[in-house]
Amino acid sequence: MLAALVVLVALAMAGCSGLPTSSSVHAGQAIDNHAAPTIGNIEYPGPSPGASQKDIVGGFLDATAGTNQNYERAREYLTKTASRAWAPRTVAVTSGTRDLMISGRNTITATAESAASLDAEAHLTERPEGATTTAEFGLSKVDGEWRISTLPADFGLWMNVEQFKRIYQPQEVYYAAATGHTLVPDTQWYTQTGLVSSLAAAVVRGAPAWMNGMTLPALPRGSELTGSSVSIDNDGVASVNVSEEVLSATPAQRTALWASMLATLGQVSEVRRVVVLVDGARLQTPQLPDSPNTPADFGYTAVSGNPAQLVGRTSPTQLQWMDSGNPGVDLRNKGGVKDRPTLPTINRNWYRLAISGDGKQVAAIDGANAVLGRWVNGHLSRISGFGTDLVAPSFSSTRSDSGDAVDELWVAGRSTPKDSGGKSAYGTLWVVDAELPVADAQPQPVEASWLRDKRIIAIRLSPDGERIAVAVRTPKGADQVYVAGVVRGRNGHAQSLTTPLRVAPSVTDVLDVGWIDYATLAVLCRDDQSGTVQPLSVPIGGLSSDLGETPGGEQLVATGGGASSLYVETDADTVLTRVGASWQKVPGVTAMIASGT
């Protein structure tokens, strides 16, 4: 039997429902038009004389984890016809061991636990615990030796999690929001070979489906890169040649294309400058700088991490500004505190607090989860009658096309249609214009039809205000976590949500959600069997990982500054913060609030 050089590594299972462990999303230092590094590469063997059908299939699957882009060694296991037909563009990411079974005459079926799948557009989708992937292969003899003659339609590559992370790296591809001149990231996975060309092609291809409506419309049909790849000269100038169809794009689309290319390709260390060309001439756009270097040269800002300020609840009625680096310290009497707004006194019956980014507004939910309280300049206003089962509110701040600030307060719960006789309730999101006078600022429903039959557990706006994380419970009692884009009007105000992207499919009992950073969620969940509570790190478009047990955890507070700036409120009126790999109690506070969330 053929001895494989690589033994599949069993994926460590941990977390609320046995989620795989992985690192958080980060951009790799990859070089375009260069071969992948040889460190850690494995040379897979070709077919052995007299190899059995199982040996041939097993050797082929092993060899698909090679780093050569044409997969010559893997093709040695195929007939010439099968090799010509095989154009791998997807990856099945597996865990555990692989099972090969004779399933018919000259047919072998491979089965393995499925951790994730990478589609043809480089998006990684995590699979729920217990999911499997199968593939059936037909074999025939060539010169007396078994070879694979038929593969499943659209079959790509098979590799375990460790192999996948060795070969592929997560990269952020930036797309322009429809309003506000903001570039929003989408995580995609690529090999190091031809990285810059792959990233440039992803920018031209346009945003994924879950961003449709939040971002500018796609470029005109037929828009693509021209030539075999993006060239990088000795000065680090990346020349991106695009097809003539791009000339039909609107001025706003052409400007956004420049900005997106600069933000996306600028992550690669070898790229110092980017030039977008059509037929060798620079793509024209209004007020095109001579040598643009950053998205800011086009009036755009790429979403990045900006940790929020912290406020602690030190008694049932008192709030205090906290030191983000040392959350146990009261800063009210120290230098710089005079520049921070005075925090109001909060009645002990208000819970689930939120604070605006500038610290001038506070919001909370009453004990009956039916009244939204707003403190503006220290004065409390109550808003009721619009919904029940209200969850913790969330502030957001973005900008309109004109550059004006758009500050909003979001809340979610259940609303009862007037014509239903009170017999049914809808999962609903409302938004309050935080800039309006309090008397005029009433909750307005945000269109999201996919929430209608669900109970909303928690919401949290992203630091950029362009995306929202939503945890829901379905009518069958299953908890699910989604990320959706916020569709805004020309004035910048929220109107609806995009069709969502589901993340963390293995979680079963969700308590809360937050944003660890601009591309990673935190999901607080409870294990159904053990009852343990712990937060998970959930990269959008990546693999989830466990952040350790937080006994009695009920709510999350994330500043957007990474996993080390994550807090968990417990049922014992204590707050835990992550220190290294463990959780420690924050002294003197019973709750924590991150401004702007």
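Keep in mind that this is a model prediction, so the values were computed, not measured.
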task: Could you tell me which non-hydrogen atom of A200 sits nearest to which non-hydrogen atom of V230, and how far apart they are?
output: CB-CG2, 3.8 Å
- prompt: Which atom names give the shortest non-hydrogen contact between G489 and T179, and what distance separates them?
  reply: O-CG2, 3.3 Å
- request: Of all the heavy-atom pairs spanning L262 and P292, show the shortest one and how long it is.
  value: CD2-O, 3.9 Å
Note, L219 side chain near E224 side chain (heavy atom, < 4.5 Å): no
query: Between T182 and T301, is any side-chain donor less than 3.5 angstrom from a side-chain acceptor?
result: no
query: Below 4.0 angstrom, N of the basic side chain to O of the carboxylate: do R98 and D62 qualify?
result: yes
task: Compute the ring centroids of W210 and Y482, then answer whether they are less than 6.0 Å apart.
output: no
- request: State whether the number of non-hydrogen atoms from other residues, nucleotides or ligands found under 6.0 Å of L247 atom CG is greater than 12.
  value: yes
query: Does some side-chain heavy atom of Q480 sit less than 4.5 Å from a side-chain heavy atom of R473?
result: no
- prompt: Is the shortest heavy-atom distance from the side chain of L139 to the side chain of R147 under 4.5 Å?
  reply: no
message: Closer than 4.0 angstrom, basic N to acidic O: yes or no for R272 and D233?
response: no
query: Is a donor on one side and an acceptor on the other found under 3.5 Å between the side chain of T107 and the backbone of R105?
result: yes
statement: One should read off an interatomic distance between S149 OG and N106 CG, to the nearest 0.5 angstrom, of 8.0 Å
- request: Provide the closest heavy-atom pair for S396 versus G465 in the form atom of the first, atom of the second, distance.
  value: CB-CA, 4.1 Å
query: Is it the case that S114 and T133 place a side-chain donor and acceptor less than 3.5 Å from each other?
result: no
- prompt: Where the side chain of W515 meets the backbone of R460, is there a donor-acceptor pair that is under 3.5 Å apart?
  reply: yes
- prompt: Under the side-chain contact (heavy atoms from CB on, under 4.5 Å) criterion, do L566 and L547 qualify, and how do the steps go?
  reply: CA-CA 10 Å; L566 190 65; L547 295 178; 3.8 Å; yes
query: Within a strict 4.5 Å, meaning less than it, do heavy atoms of the L118 and T90 side chains meet?
result: no
- prompt: Y300: what forms a ring pair (Phe, Tyr, Trp, His ring centres under 6.0 Å) with it, not counting sequence neighbours?
  reply: H181
- prompt: Are E447 and Q495 side-chain neighbours, meaning at least one heavy-atom pair lies under 4.5 Å?
  reply: no
- request: In sequence, state the C-alpha distance, the side-chain angles, and the governing distance for Q169 and Q192, and then conclude on side-chain contact (heavy atoms from CB on, under 4.5 Å).
  value: CA-CA 8 Å; Q169 292 180 323; Q192 293 180 334; 3.8 Å; yes
- request: Show the numbers, then the answer: is there a side-chain contact (heavy atoms from CB on, under 4.5 Å) between L288 and W258?
  value: CA-CA 9 Å; L288 177 64; W258 271 96; 3.8 Å; yes
- request: Would you indicate whether the side-chain heavy atoms of V204 and V242 approach each other to under 4.5 Å?
  value: yes
message: Which heavy atom of L157 sits nearest to which heavy atom of P88, and what is that distance?
response: CD2-CB, 3.6 Å
Nearest atoms (heavy-atom pairs only) where R467 meets L461: O-CD1, 3.3 Å
Chi angles and distances behind the side-chain contact (heavy atoms from CB on, under 4.5 Å) call for T81, T150: CA-CA 9 Å; T81 300; T150 60; over 6 Å; no
task: State, with a plain yes or no, whether a side-chain heavy atom of V538 is found less than 4.5 Å away from one of V481.
output: no
message: Quiz question: by atom type and distance under 3.5 Å, do the side chains of Q188 and D186 form a donor-acceptor pair?
response: yes
query: Is the W86 to F60 ring centre distance short of 6.0 Å?
result: yes
message: To the nearest 0.5 Å, what is the distance between OG1 on T125 and CG on L501?
response: 7.0 Å
- line: For E466, the side chain to side chain donor-acceptor pair (under 3.5 Å) test, sequence neighbours excluded, returns T398
query: Got a donor-acceptor contact below 3.5 angstrom from the T215 side chain to the A176 backbone?
result: no
- prompt: In terms of heavy-atom contacts, does CZ of R89 have more than 12 from other residues, nucleotides or ligands at under 6.0 Å?
  reply: no
message: Salt bridge or not between E72 and R75? Use side-chain N to carboxylate O under 4.0 Å.
response: no
message: Less than 3.5 Å apart, any donor N or O on the side chain of E172 or T264 sitting next to an acceptor on the other?
response: no
field: With Y174 via ring pair (Phe, Tyr, Trp, His ring centres under 6.0 Å) - residues at least two apart
entry: none
- line: So OG1 of T226 and CG of D279: to nearest 0.5 Å the spacing works out to 7.5 Å
query: So do the side chains of L151 and F137 get within less than 4.5 Å of each other, counting heavy atoms only?
result: yes
task: Identify which one of L429, T498, V513, V483 satisfies the side chain to side chain contact (heavy atoms under 4.5 Å, CB included) criterion when paired with I468.
output: L429
Nearest-0.5 Å distance that lies between atom CD1 in I148 and atom CD1 in I108: 9.5 Å
